[in-house]
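The structure appears right after this line, and notes come after that.
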Number of protein chains: 2
Amino acid sequence: MHQETNILFKKVSSSEMNKVRQKKQLLSLLRTHGSASAPDLSKWLKTSLPTCIVLLNDLINSGYVKNFGIGESSGGRKPNLYGLPEDGFYVISCDLARFSATIVIVDCYHKFVTPVLEIDTHIDDPHLVDKMYEAANQLITGHNIPNEKIFGLGVDMPGLINSKIGINYTIKDKKRQNIGRDLRQRFNKHVYIENDARMHAFGEFYFGSAKGYKDAIIIHWSWGLGLGIFINGQLCSGKNGFAGEFSHIPIVENGELCICGKRGCLETIASSNTIMRRVREGIADKEISSLISQFQDHPDKVTPEDVINSARLGDEFCISILNEVGTAMGKGLSYIIQLMNPEVIVLSGPLSKAKQYILSPIQQSLNRFCLEKISESTQLIISDLGDQSALLGTSEMIFQKVFTEMNLL
Amino acid sequence: MHQETNILFKKVSSSEMNKVRQKKQLLSLLRTHGSASAPDLSKWLKTSLPTCIVLLNDLINSGYVKNFGIGESSGGRKPNLYGLPEDGFYVISCDLARFSATIVIVDCYHKFVTPVLEIDTHIDDPHLVDKMYEAANQLITGHNIPNEKIFGLGVDMPGLINSKIGINYTIKDKKRQNIGRDLRQRFNKHVYIENDARMHAFGEFYFGSAKGYKDAIIIHWSWGLGLGIFINGQLCSGKNGFAGEFSHIPIVENGELCICGKRGCLETIASSNTIMRRVREGIADKEISSLISQFQDHPDKVTPEDVINSARLGDEFCISILNEVGTAMGKGLSYIIQLMNPEVIVLSGPLSKAKQYILSPIQQSLNRFCLEKISESTQLIISDLGDQSALLGTSEMIFQKVFTEMNLL
DNA sequence: GCAAGATAATAAAAATTTTTATAATCTATT
DNA sequence: AATAGATTATAAAAATTTTTATTATCTTGC
């Protein structure tokens with residue numbers, strides 16, 4: 001499987017380089033298509049059928065590709081199908097959220113091959129790297145995954161992250177900011193770290209409601225407002241990987257103080273924080289509401305999900321809160337729509353569960369703040385992917401990196 | 001020069017296709033580099049030197065490439081240099097502004113080979129196509145340009161434009177909206193139409209202050225606020241080509257009525273319109289100002305340029321207007337910076353001439369409305385390209401299209 | 001001014017890839 | 001069921017490309 005030739009002293013000819021490039025492309029094609037016939041692959045690869053078959057046989061001999069048997073035909077000889085072995089490639093995907101992390105091992109068919117393990121940590125935890133390493137090892141040994149078949153580790157986390165150099169500038173201890181380097185040293189594998197909002201978006205773009213689009217906006221709507229932007233099918237990271245700071249665009253002139261230190265950020269009027277503040281105000285003002293009578297003795301126990309549920313049951317107070325928050329989000333989205341003219345906007349995350357209670361105020365805001373010709377061509381969708389969009393997105397991202405950077409010599 | 005083989009009946013082999021692809025790449029490389037040696041070209045093309053030389057000789061025999069003689073060496077035999085013949089390729093570039101158009105013929109070295117002709121027309125002129133055709137012919141015949149060496153026509157104009165299908169939705173007469181088709185019929189050449197802001201941006205990105213960057217924002221600042229967005233080196237057009245509607249993002253709650261029908265758009269507080277309104281108000285309020293005393297008898301003669309000039313001469317009233325407008329623009333830019341994290345923002349157009357009078361209020365706004373970590377990494381530059389960025393950008397765009405789509409069989 | 005090292009061009013040999021032809025296998029139609 | 005048409009696989013021939021070797025030409029340093 002793994003050739004032991006010392007490539008440092010081996011002169012690599014340009015035709016050999018080209019072969020390697022083509023093989024990587026084949027692996028990528030097989031991963032995205034699941035399985036494919038040699039004639040199809042040769043067309044996609046823009047090479048002749050015989051060379052394509054030679055390349056495939058090479059890959060089969062290296063153990064990277066498997067013959068999947070005979071496929072269907074629309075008239076004519078049935079083709080041999082080729083694909084990646086399910087047990088050939090794995091990556092570790094880790095979603096590091098505000099107060100806990102989840103980690104899982106994923107195969108090349110986006111399948112979780114272990115349970116999702118929870119880790120009690122956060123980005124400023126001094127033992128973060130050790131805890132992740134321990135959890136990963138627990139998964140590896142507990143499920144008999146051959147370590148050499150794990151090709152990389154991907155981690156998404158909140159913060160201002162430059163994924164090119166693996167630094168999270170939001171980590172308080174400067175010595176720990178280069179978390180990419182630390183993880184690489186500990187795991188001795190390809191390591192990529194990315195911003196959580198972008199990885200949620202990656203998941204939605206490849207497996208969720210934004211699948212098939214080229215210009216898509218994905219919002220992960222929770223305590224913050226995570227934004228992922230896809231343009232021409234490419235994730236937009238910006239110069240330093242700081243793109244997508246949707247939470248802190250200024251919306252309200254001299255508005256409420258935000259955790260970022262500025263005033264009137266979108267986050268102050270369109271996030272879970274806003275909902276909680278309005279609930280507290282409601283309790284103080286003794287508003288009439290089933291939610292409030294239910295929680296008035298322990299107001300700190302209310303969650304945004306409770307508000308959504310009460311709205312569904314017809315609670316006017318909760319409906320009006322969601323209405324308010326949706327209106328604000330709609331105004332924020334109108335900026336993005338006018339600047340980017342996306343095909344689709346996908347709302348994901350806990351708050352997107354409010355569905356029509358949040359969709360219709362958003363749409364009203366769009367009607368108010370966008371030029372009709374632009375907004376009418378943008379679809380607004382609630383995600384149906386579920387909570388693991390970040391784990392899925394992160395694993396997809398590492399696979400893409402691994403398949404372009406792996407050593408096939 | 002032009003082979004007359006009927007390609008409709010000629011079976012094209014895949015190796016021939018590949019050769020054509022490589023030849024097109026060579027032409028593009030030669031155009032962007034001016035001239036180059038065969039060894040360099042072979043490296044860029046990822047092919048061996050002998051094949052590269054064969055391809056070059058083919059192109060020379062077709063008349064598309066010229067031997068430029070012998071170049072410099074850093075030790076070793078001097079290389080032959082190859083390049084495009086200056087008189088080999090031309091395009092027509094037309095910049096259709098609000099009340100007049102300019103048109104010029106450009107060679108493959110971005111050189112204007114004719115004077116810039118002005119045409120008295122606008123997008124809703126029913127004789128637009130005829131006037132453009134006439135003007136183009138005047139240039140062609142007046143300067144002895146062989147018509148068959150003109151490979152395309154590019155036109156930029158204001159409006160909501162889908163360049164893929166060549167439609168400008170802002171043209172009032174629906175029958176005339178498909179201006180791309182109409183021009184193609186009349187000129188019988190490759191025709192591309194694009195939005196003016198994006199073509200100003202294209203000029204800046206390839207020849208102006210945004211040259212060399214990958215994530216750039218270019219503002220054409222005049223009566224409207226034209227925005228061009230480059231991400232990963234690619235122009236962002238959006239689903240329908242409506243991306244970049246910066247003028248009409250909502251900034252002021254219940255603000256002034258905008259020409260678009262909405263209230264409080266950025267255009268109402270940060271464009272030349274704003275300056276003119278403030279001048280009118282100043283005249284009504286009898287503000288103390290050299291500009292006002294100069295123009296109080298014919299206030300309709302004031303131009304934004306006059307305001308900028310007066311500011312330069314120390315006129316406090318004019319300085320305060322520019323300050324106000326700059327502050328507003330800064331707020332608008334803060335949205336883009338936080339969403340896109342660009343490397344550079346280039347300000348072009350008439351209002352950018354106000355230089356420091358507009359830069360420092362913008363910077364102050366950025367400091368106020370952006371997260372420091374994001375805004376500190378964005379450069380803010382005033383363009384030095386001059387007025388013909390759109391003609392340059394448009395010609396560059398057609399050349400790119402022509403060189404990828406031309407028939408080299 | 002000459003030798004040593006460097007770069008470029010070219011020719012011939014070697015390797016690789018594409019074509020073409022043929023065989024194998026299948027669907028659909030009669 | 002037989003046949004025609006279609007698709008895939010493979011083998012051999014033809015074409016193309018890359019390598020390698022050689023020659024030409026130039027810069028630099030002594």
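Chain naming here is simple, since letters A, B, ... match the order of the sequence lines and numbering starts at 1 in each.
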Open item on the list: Under a 3.5 Å threshold, yes or no: a donor from one side chain and an acceptor from the other, between A/Asp384 and A/Ser209?
Closed with: yes
TODO: Let me know the distance between NZ of B/Lys19 and P of C/dT17, rounded to the nearest Å.
DONE: 17 Å
Side-chain donor/acceptor pairs under 3.5 Å, residues 84-93 of chain B, sequence neighbours excluded:
from, atom 1, to, atom 2, distance (Å)
B/Ser93, OG, B/Leu391, O, 2.7

Task: Partners meeting ring pair (Phe, Tyr, Trp, His ring centres under 6.0 Å) with B/Phe399 (sequence neighbours left out) - done: B/Phe403
- [ ] Ignoring backbone atoms, test whether B/Asn80 places a side-chain nitrogen or oxygen under 4.0 Å from the OP1 or OP2 oxygen of C/dA9.
- [x] yes
TODO: Would you check if the side chain of B/Thr51 reaches a backbone N or O of B/Thr47 as a donor-acceptor pair within less than 3.5 Å?
DONE: no
Task: Contact residues, residues 45-60 of chain B to DNA chain D [heavy atom, < 4.0 Å] - done: B/Thr47, B/Ser48, B/Pro50, B/Thr51
TODO: Take atom CG of A/Leu41 and atom C1' of D/dT7, then tell me their distance rounded to the nearest Å.
DONE: 15 Å
Open item on the list: Centroid separation under 6.0 Å, is that true for the rings of A/Phe151 and A/His190?
Closed with: no
Task: Atom-pair distance (CZ on A/Arg21; C1' on D/dT18), nearest Å - done: 15 Å
Open item on the list: Would you say B/Ser14 places a side-chain N or O within less than 4.0 Å of OP1 or OP2 belonging to C/dT19?
Closed with: yes
For residues 25-32 of chain A, which side-chain donor-acceptor pairs fall under 3.5 Å, sequence neighbours excluded?
from, atom 1, to, atom 2, distance (Å)
A/Ser28, OG, A/Lys24, O, 3.4
A/Arg31, NH1, A/Glu396, OE1, 3.0
A/Arg31, NH2, A/Glu396, OE2, 3.1
A/Thr32, OG1, A/Ser28, O, 3.1
A/Thr32, OG1, A/Leu29, O, 3.2

Task: Atom-pair distance (CD on B/Glu16; C1' on C/dT17), nearest Å - done: 15 Å
Task: Side-chain donor-acceptor pair present, B/Ser383, B/Glu204, cut-off under 3.5 Å - done: yes
Task: Under 4.0 Å protein heavy-atom contacts per nucleotide of nucleotides 25-30 of chain D, with B for base, S for backbone only and - for none - done: BBS---
- [ ] Could you tell me the separation between the CD atom of B/Gln22 and the P atom of C/dT18, rounded to a whole number of Å?
- [x] 12 Å
Open item on the list: I'd like to check the ring pair (Phe, Tyr, Trp, His ring centres under 6.0 Å) partners of A/Tyr206; sequence neighbours left out, ordered by chain and number.
Closed with: A/Phe202
Open item on the list: For A/Lys401, is there an ion pair with A/Glu405 - N to carboxylate O distance below 4.0 angstrom?
Closed with: no
Open item on the list: Whole angstroms only, please: what is the CE-C1' distance between A/Met17 and C/dT16?
Closed with: 17 Å
